[in-house]
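First the structure, in the form of structure tokens, and then the observations on it.
Because only heavy atoms are used, hydrogens play no part in the values below, and waters and symmetry mates are left out as well, while side chains stay in.
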Amino acid sequence: MEWKPIAKKLASRAAKRKLAKSVPVLGGLFSLLFVAQKIEEKGAKRGSIDAALDFTPVVGRAKALYEIFGDDVVPPAR
């Protein structure tokens, strides 16, 4: 039995786990970068709520998917 395919499979599996764990962190960091922009666009209260929803890992993903196919979850102030 050759060790290269087994090592490649284990390394691939480990890399996928690390990437999956880092994705919520990256999403949270990107949402923190755009907090000021959201507050400027939507006002202090609505922008803060929108940024908080984006920062929450599971809720942020669901919100992003909804906004891709639908309208804004937290619309701008009039």
- Residue set satisfying side chain to side chain contact (heavy atoms under 4.5 Å, CB included) with Pro76, at least two apart, ordered chain then number -> Lys42, Asp72
- Message: Distance check, rounded to the nearest 0.5 Å: Leu53 atom CG versus Glu67 atom CD?
- Response: 9.0 Å
- Message: Test of understanding: with salt bridge (Lys or Arg N to Asp or Glu O under 4.0 Å), list the residues that count as partners of Glu41, not counting sequence neighbours.
- Response: none
- Query: Listed by chain and number, what are the side chain to side chain contact (heavy atoms under 4.5 Å, CB included) partners of Tyr66, not counting sequence neighbours?
  - Reply: Val73
- Identify the heavy atoms of Asp54 and Ser31 that sit nearest to each other, and give their distance. CB-CB, 3.8 Å
- Message: Measuring from atom CD1 of Ile49 to atom NZ of Lys45, what distance do you get when rounded to the nearest 0.5 angstrom?
- Response: 6.0 Å
- Kindly give the heavy-atom pair with the smallest separation between Ala51 and Val35, and that separation in Å. CB-CG2, 3.8 Å
- Counting only N and O atoms by type, is there a donor-acceptor contact under 3.5 Å from the side chain of Ser48 to the main-chain atoms of Ala44? yes
- Item | Lys63 and Asp50, any side-chain heavy atoms less than 4.5 Å apart | yes
- Residues forming a side chain to side chain contact (heavy atoms under 4.5 Å, CB included) with Leu29, sequence neighbours excluded: Val25
- Message: Running the 4.5 Å side-chain criterion over Ile, Leu, Val, Met, Phe, Trp and Tyr, what cluster does Phe34 land in, apart from itself?
- Response: Phe30, Leu33
- Message: Could you list the cluster mates of Val58? Members are the ILVMFWY residues connected by side-chain heavy atoms closer than 4.5 Å, either directly or through other members.
- Response: none
